[in-house]
Amino acid sequence: MKIVQTVEEVRTQVKEWKMKGLTVGLVPTMGYLHEGHKSLIDRAVEENDKVVVSVFVNPMQFGPTEDLASYPRDLDRDAALCEAAGADLIFHPEPEEMYKPDFSSFIDMNTLTGGLCGKSRPIHFRGVCTVVGKLFHIVGPDRAYFGQKDAQQLAVIRHMVKDLNFDLEVVGCPIVREPDGLAKSSRNTYLNPTERQAALILYKSLEKGKELIESGERQASVIREAMIRMIETEPLAKIDYVELVDWDTLEPVALIEGPVLNAIAVYIGTTRLIDNHIYERI
Ligand code: AMP
């Protein structure tokens with residue numbers, strides 16, 4: 001497995017693979033890899049001849065008061081995980097390699113990005129779309145792998161690929177959880193032991209929502225309120241949002257009739273965590 005830092009090195013390697021007729025899978029990440037990322041790499045290794053993992057903490061998707069500086073980083077550990085999983089190349093650029101001093105072009109979206117995480121993170125998806133669009137152009141993958149953990153991001157990337165005719169398949173992968181239900185996240189490392197316990201309230205509230213839907217409840221407001229009441233029993237939790245939205249348009253629904261995304265963002269202490277369930281069949 002190679003680790004490279006420049007766009008040119010990635011292009012040279014991928015060109016060599018393509019000349020041999022090999023297929024290429026891309027797994028975009030911000031590093032500090034865990035089992036969730038590994039599940040994406042495993043799937044990419046299964047479905048492609050060669051796999052590129054990008055490890056880049058993208059400054060453009062962080063707001064001015066967010067955790068860009070403190071975001072955990074450990075390239076040696078990431079490289080060991082990627083190598084063991086069978087990845088072929090890590091692309092680990094410096095921010096200056098991705099954004100030259102005169103950088104001034106962006107990919108933005110009018111729909112899908114205003115609600116959910118877009119409300120409290122207004123510049124986030126512009127940063128995500130721009131960096132993912134760049135990675136798609138740099139690597140030219142046949143398939144790109146994204147986790148349902150970031151469900152809004154998955155929907156936004158799928159839409160961007162359709163709108164802008166990127167010639168690749170977006171593969172969505174299920175959420176990987178800790179044994180007690182907490183969704184795996186690089187940001188879980190911010191939690192102290194008391195907060196780690198408190199963070200379980202995200203999964204518990206989603207289970208509550210699921211239980212209500214499975215028992216026949218169709219009023220989104222009833223489900224939402226039950227989940228909010230449950231989260232409010234946890235003193236360390238502060239709700240950013242609890243939403244039930246159409247899984248295609250990401251617009252809030254009043255009645256649950258088709259595929260629905262139940263998405264939540266909750267602060268546990270100062271750490272903002274997200275989680276969700278998707279109900280495909282109602
Ligand atoms: P990140 O490094 O947080 O930007 O995540 C990189 C990719 O890994 C994204 O597509 C995430 O959705 C995915 N991912 C992160 N955590 C998980 C998880 N617990 N289960 C599945 N995919 C995940």
Side-chain angles (χ1 to χ4, degrees), residues 1-5 10 13-14 17 22-58 61 67 70-93 117 128 131-132 135-136 138-158 161 168-191 196 199-200 202-203 206 263 268 271-278:
M1 189 190 69
K2 271 195 212 164
I3 304 178
V4 300
Q5 292 199 305
V10 176
Q13 178 61 84
V14 173
W17 290 336
L22 302 175
T23 57
V24 178
L26 169 66
V27 183
T29 81
M30 297 205 299
Y32 214 72
L33 305 179
H34 50 65
E35 291 289 317
H37 300 106
K38 185 175 174 296
S39 72
L40 271 53
I41 301 170
D42 287 343
R43 176 101 182 254
V45 167
E46 256 171 59
E47 297 181 349
N48 302 275
D49 299 315
K50 297 289 176 186
V51 170
V52 179
V53 179
S54 60
V55 174
F56 180 56
V57 183
N58 174 34
Q61 70 191 63
D67 56 343
S70 58
Y71 197 85
R73 293 158 165 93
D74 187 341
L75 186 65
D76 290 344
R77 201 169 136 266
D78 291 347
L81 186 147
C82 288
E83 177 132 50
D88 300 279
L89 183 73
I90 292 183
F91 177 40
H92 178 58
C117 290
V128 168
V131 79
V132 171
L135 289 169
F136 287 173
I138 293 165
V139 177
D142 298 279
R143 295 179 195 85
Y145 295 79
F146 294 87
Q148 186 204 305
K149 161 79 176 18
D150 299 271
Q152 186 175 18
Q153 169 174 281
L154 174 60
V156 164
I157 298 296
R158 283 206 164 117
V161 162
L168 56 91
E169 183 192 345
V170 174
V171 181
C173 303
I175 302 177
V176 176
R177 299 179 177 281
E178 301 287 353
D180 62 6
L182 179 69
K184 294 210 182 229
S185 165
S186 311
R187 289 191 169 99
N188 291 349
T189 52
Y190 297 151
L191 304 169
R196 169 65 184 78
L200 275 183
L202 279 90
Y203 180 64
L206 286 165
I268 301 294
T271 304
R272 185 175 174 281
L273 299 176
I274 58 171
D275 199 350
N276 67 81
H277 273 324
I278 296 174

Atom pair [atom1] ([X]) and [atom2] ([Y]), whose distance is rounded to the nearest 0.5 Å:
X	Y	atom1	atom2	value
Ser185	Leu273	OG	CG	6.5 Å
Ile175	Ile274	CD1	CD1	8.5 Å
Arg158	Leu154	CZ	CG	4.5 Å
Asp150	Gln152	CG	CD	9.5 Å
Asp78	Glu83	CG	CD	13.0 Å

Heavy-atom pair with the smallest gap, counting every atom of [X] and [Y]:
X	Y	result
Val45	Ala87	CG2-N, 4.2 Å
Ser39	Val176	OG-CG2, 3.5 Å
Leu191	Ala199	CD1-CB, 3.9 Å
Lys184	Lys149	O-CE, 3.8 Å
Gln13	Leu89	CG-CD2, 4.3 Å
Ser186	His37	OG-CE1, 3.6 Å

Decide yes or no for [X] and [Y]: does some side-chain heavy atom of the first lie under 4.5 Å from some side-chain heavy atom of the second?
X	Y	result
Arg43	Val171	yes
Cys82	Ile41	yes
Leu168	Val161	yes
Tyr203	Leu182	no

Intermediate values then yes/no, side-chain contact (heavy atoms from CB on, under 4.5 Å), Val139 and Val10: CA-CA 7 Å; Val139 177; Val10 176; 4.0 Å; yes

Is the backbone of [Y] close enough, under 3.5 Å, to the side chain of [X] for a donor and an acceptor to pair up by distance?
X	Y	answer
Arg73	Tyr71	yes
His92	Val55	yes
Asp74	Arg77	yes
Asn276	Gln148	yes
Asp142	Gly25	no

Pair Leu200-Asp180, side-chain contact (heavy atoms from CB on, under 4.5 Å): steps then yes or no: CA-CA 8 Å; Leu200 275 183; Asp180 62 6; 3.5 Å; yes

Does one side chain, of [X] or [Y], offer a donor that lies under 3.5 Å from an acceptor on the other?
X	Y	result
Asn188	Arg196	no
Tyr190	Asp67	yes
Glu47	Tyr145	yes

Sole residue of Leu135, Val53, Leu26 in side chain to side chain contact (heavy atoms under 4.5 Å, CB included) with Phe91: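 Going through Leu135, Val53, Leu26 one by one, the side chain to side chain contact (heavy atoms under 4.5 Å, CB included) with Phe91 is satisfied by Leu135 alone.
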
Derivation and outcome, side-chain contact (heavy atoms from CB on, under 4.5 Å), residues Asp88 and Met1: CA-CA 5 Å; Asp88 300 279; Met1 189 190 69; 5.6 Å; no

Please tabulate, one pair per line, all N/O donor-acceptor pairs under 3.5 Å involving side-chain atoms of residues 27-35, not counting sequence neighbours.
residue	atom	partner	partner atom	Å
Thr29	OG1	Gly31	N	3.0
Thr29	OG1	Ser54	O	2.8
His34	ND1	Gly36	N	2.9

Worked verdict on Arg177 versus Asp275 for side-chain contact (heavy atoms from CB on, under 4.5 Å): CA-CA 10 Å; Arg177 299 179 177 281; Asp275 199 350; 2.8 Å; yes

